[in-house]
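Notes for the one structure printed next.
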Amino acid sequence: MFPKRFKHKDVQEKWIQYWKNNNTFQFELQRKGALFTIDTPPPFVSGTLHLGHVLNHSWIDFVARYHKMKGNNVYFPQGFDCHGLPVELAVEKNYGISKDNREQFLEKCVEWVEDNIRNMRSQFDDLAYSTDWNYTYRTMDDSYKYKVQKSLLFFYKRGWLYREKFPTHFCVNCETSVAKAEVGYQEEEGKLWYIKLPIAGHEEETVTIATTRPEMMESCVGVFVHPNDDRYYHLSAAEIKLPIAERIVRIRADKDVDMNFGTGVVYCCTYGDELDIRWKMKYDLDEIQLFTTDGRLNENSKYQGLTIEDAREKIVQDLKKMGLLERIETHEHSIIVHSERSSCRKPIEYLPVYQWFINIKDFTKEIIEAGESMEWYPEKHKQRLIDWAEGLDWNWVISRQRVFGTPIPFWYCEDCGEIIPANEDDLPLDPVQNDPPLKKCPHCKSEKTLPEKDVCDCWIDSSITPLAISKWLEDEEFFEKTYMKARVHRPQGYEIIRTWLFYTLFRCKKLTGKAPFAETMINGMVAGPDSRKMSKSFGNIVSPDEVMPEFGADAIRQWAAMGSLGDDYPFEYTWINIHTKQPISNEKIQKEKSQLPKDKFEKKYRRRYEQLTAASRFNTKVWNAYRFLFINSDKINISKIDYDSGELTSIETFFFSEFNQVVEKVSNYFNNYNWHEAFMLLRSFFWNELCDNYIEAIKYRFYSENEESQRLALAHALNLFYQMLKILSIIIPFISEEIHSIIFKKFTKLDSIYKIKWPEPYPQLDSNKVREGELAIKIIKNLRSLKSEHGIPLNQEIEKVVLISPNHKDDFTKEIIEDIKNTIRINQLQIEDKGDKTLISNSNVFKEKIEEINVIIYFFA
RNA sequence: GGGAGUGUGGUCUAAAUAGCGAGGAUACUCGGCUAACAUCCGAGAGGAUGAAGGUGCAAAUCCUUCCACUCCUACCA
């Protein structure tokens, strides 16, 4: 049976279940074919995939299916990135458990993550994502942590992992240090305070600084002016007596001072910003730490206990009382905030705290080399990696003062600070819960040890994904085959080139000696229809759940295929009025949305997704084409769809030959991950050639009295459409699988189209037949248009057609004359090599010239 | 503030080292046919390639400036 309609919902459910029950996507290491490993991006376990994931992972699935069909042994696992602040925040919020209650807290984190993964996995399945779930990983698993910790010991032994006190981006709200990659800048209206600082020795004389951070007065360790600033030339070696702190600091000249900002005088506080850090290092200034990790003033301050904000107000008041506050200005500036992987967005402070670092600055050259050694699709994004590597000025802070993460496997001696690394054999472990390998400090013999409570930065976890999936340290043969000797493909978005790709290149190269990737495929960001990023505040978010039920995965994958490599890709829709079907402007919609109640709004307006509409139509066309072939072949007994090239008609030979060319072009597009062009070609070939011309031209034989002709026409058509279906299955797997099971399974004896190889070109096609077939199709096309133009029903028989063909008369074989006659329904078809004036004497004759092949048509209606 | 990327009909995209009237697809509108089809046939509307200049016989393509979006980076205390 071939249902009349393609019901994507039922079909999807059926095949998801089937693929799962039959382990269709199972990977086998021993299978023949060169190993092609795909190091897929593990999505953060937010609980739901967004359209960006859909784009990215649809492409990845195309890659996997294509390379598999081409004969590679494709290793295609999919993992999940579990650790991170958002998990902790969610657990704190949803369960009300504090992270101080460590054990219970961690338990809940795992629970929350597992819930989320369940949902995300089923979203992947809904996409027909052909990953083998037996090889999935979660960064929170013990086996994963084992590898991460082992890699840390590896780095430690070589001196690339070290612990040091260093002013670090620190979020006093989340109480954690954050990587440079996790901070952002936010425009904010602030104030600029002008404060008079008395000159030491001449206290009646003052110099005025402008600052946005008056509360840092007590941590001031120097005052700076520009060396060329004449206004302050006389002060160049003077000293300042700091108010409140009552300390003396020197004035220095440094060209990093901006003369045009404020008064041209600036104080250096440890630590207000990155410049302060640089000056502190450069002039070996003192370090005065003023803040606690929870954002209060510490014992070094007279304002101990106050929050930073309160202290600011208090100090300003005090300065005012002392008569040292000159004036206050409002000031637009961007402040550095905790922005990524967190919704915190609170200001960042620089706190000198003990942190674990990985030396990365010394290896940027190697990283760039590893990047250069890969093929980039598209090439242009390579620059992002190089720019980032070359501009790097700090080492990588890898420790996070959080709970839910991979523990850093070290202890310290409380007395002398000696570091005690874990025994490799004891990994994975959590130093907070496990005892150190030594009873006594190897340095001072003290018995007091402290565990490292910090956990790793998430990028430490995710920067060894190629090793995790290849069973590094776990299964030597597997590792050799899927990493060392495999062609490893890395698909990802351009926004994480400087993080995920950068760190992976570095770590894997160092750990294995081999740069991890042979190639990388870069996708852009999915934007809203206004080509701005999807964001709540723009009201342009579309979730996959909104469109999947209506259109199905095969339509959404077509949308993904229409995007272009490396560029941003909007998800298009238009608001329309449901009743008039007229598009509504954005402004109007925003207005209506705010004015109408939700249910009324939804009754009146909805989104129209043009691209998905088109995709659905193509699905329907595909469905009906195969259905038509099925219905006809079902009437007679087709026992095989193999063919004998001698039995092919000219028209058939022509289309087989066209197909060969299409396969070659599509291969080329796929090899370059140019999904857009590949799919456009497939669609138009399928629709405009195979359906409109090929089927139309052989259709009459389906109804023929001649059983042999009927049988051959169907067998040949089924063969060609089967080859076509193989290719289509890369983009639209559900519908292809369904059609395969209905029509082709009995011929292929395969339970899934997934197991089929890429089509071989049809061999030994007779070039004469190709030429004749092409001629026939051109004539048929023109005759059909002619009929239509003159309002003659396509099924109405035409009395007579005369073709004048000076060049091709001999190509009109008996066979193609029959084809033309029967396809167009011509009673009498006459071929001449030259015209005859008597032909046009009849008044009911239309004349038409086909320039391309120099044929004149006389059409007797 | 700086850097990078992008900007082509409503939409997605093509135009090799610049070369004929900016092509295709899709969506939309109108008319017609229909013996698989929501198909098919025919027609229409819609862009002078973000803006302005410049160099060329010739520019979507090269140069300058500006604008918008995206990503990255930053020292304006």
Side-chain angles (χ1 to χ4, degrees), chain A residues 2 4-5 180-181 184-185 192-193 209-213 216 224 256-269 272-279 331 333-334 336 378 380-381 383-384 386-388 391 393 493-499 524-525 527 529-533 559 561-564 566-570 572-574 581-583 608-611 613-632 674 676-677 679-681 683-684 687-688 691-692 695-696 699-700 702-703 781 784-796 825:
Chain A
F2 205 119
K4 195 157 167 55
R5 292 281 153 92
K180 247 182 151 178
Y185 294 82
L192 195 56
W193 284 271
I209 58 151
T211 179
T212 56
R213 303 292 307 268
M216 299 201 77
F224 286 83
D256 280 340
V257 175
D258 182 350
M259 291 196 281
N260 301 318
F261 186 86
T263 60
V265 189
V266 55
Y267 69 176
C268 169
C269 306
D273 57 39
E274 285 186 35
L275 184 58
D276 290 344
I277 298 169
R278 206 172 310 157
W279 277 339
H331 175 57
H333 62 149
S334 54
I336 183 167
K380 68 181 178 196
H381 284 304
Q383 205 54 38
R384 285 179 189 258
I386 294 171
D387 288 349
W388 172 254
D393 47 354
Y494 63 69
E495 87 284 12
I496 47 176
I497 286 174
R498 70 198 176 108
T499 46
M525 305 294 108
D530 46 5
S531 84
R532 290 191 300 182
K533 62 181 168 197
W559 163 78
M562 292 300 278
S564 74
D567 290 329
D568 291 351
Y569 186 40
E572 181 58 28
Y573 60 79
T574 316
K581 299 259 167 80
Q582 289 304 304
R608 185 173 67 192
Y609 304 95
E610 276 94 352
Q611 293 196 67
T613 304
S616 301
R617 287 182 189 167
F618 181 62
N619 286 339
T620 305
K621 186 67 192 178
V622 168
W623 185 255
N624 285 320
Y626 285 95
R627 181 166 177 269
F628 181 59
L629 293 181
F630 174 81
I631 288 170
N632 284 291
N674 186 346
H676 182 91
E677 292 300 321
F679 184 63
M680 294 261 288
L681 177 58
R683 185 175 55 191
S684 69
W687 200 321
N688 306 125
C691 292
D692 295 350
I695 292 189
E696 288 300 324
K699 194 157 123 179
Y700 78 92
F702 296 174
Y703 316 117
K781 250 194 218 171
R784 191 179 314 119
S785 302
L786 225 50
K787 247 177 138 173
S788 188
E789 271 168 42
H790 295 291
I792 305 163
L794 288 181
N795 60 346
Q796 185 180 309
R825 306 199 136 220

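We name chains A, B, ... by the order of the sequence lines, and we start the count at 1 in each one. This structure is a prediction, so every number in the text was calculated from the model and none was measured.
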- Message: A4(B), OP1 or OP2 - any side-chain N/O from Lys380(A) closer than 4.0 Å?
- Response: no
- Quick one: is Tyr703(A) getting a side-chain N or O under 4.0 Å of the A36(B) phosphate, OP1 or OP2? yes
- Task: Decide yes or no, distance alone: a donor-acceptor N/O pair under 3.5 angstrom between the base of A27(B) and the side-chain of Glu572(A).
- Result: no
- Task: Step by step, work out the ring-ring contact (aromatic ring centres under 6.0 Å, His included) result for Tyr609(A) and Trp559(A).
- Result: CA-CA 10 Å; Tyr609(A) 304 95; Trp559(A) 163 78; over 10 Å; no
- Item | Residues Arg784(A) and Asp692(A) bridged, charged N to O under 4.0 Å | no
- Given C12(B), C37(B), G24(B), which nucleotide is nearest the side-chain atoms of Lys621(A)? C37(B)
- Message: Below the 4.0 Å mark, does A4(B) have OP1 or OP2 next to a side-chain nitrogen or oxygen of Trp388(A)?
- Response: no
- Query: Counting only side-chain N and O atoms of Ser564(A), is one of them less than 4.0 Å from OP1 or OP2 of U13(B)?
  - Reply: yes
- Query: For Ala625(A), which contact category applies under a 4.0 Å heavy-atom criterion: base, sugar-phosphate, or nothing?
  - Reply: base
- Expressed as a whole number of Å, how far does the P atom of C57(B) sit from that of G10(B)? 34 Å
- Query: Under 4.0 Å: is that the gap between some side-chain N or O of Arg617(A) and OP1 or OP2 of C28(B)?
  - Reply: yes
- Is it the case that Asp568(A) and Tyr494(A) place a side-chain donor and acceptor less than 3.5 Å from each other? yes
- Query: Do the ring planes of Phe702(A) and Phe628(A) sit parallel (below 30°), tilted (30 to 60°) or perpendicular (above 60°)?
  - Reply: tilted
- Now, which nucleotide makes the Watson-Crick or G-U wobble pair with G53(B), with each of the two distances under 3.5 Å? C63(B)
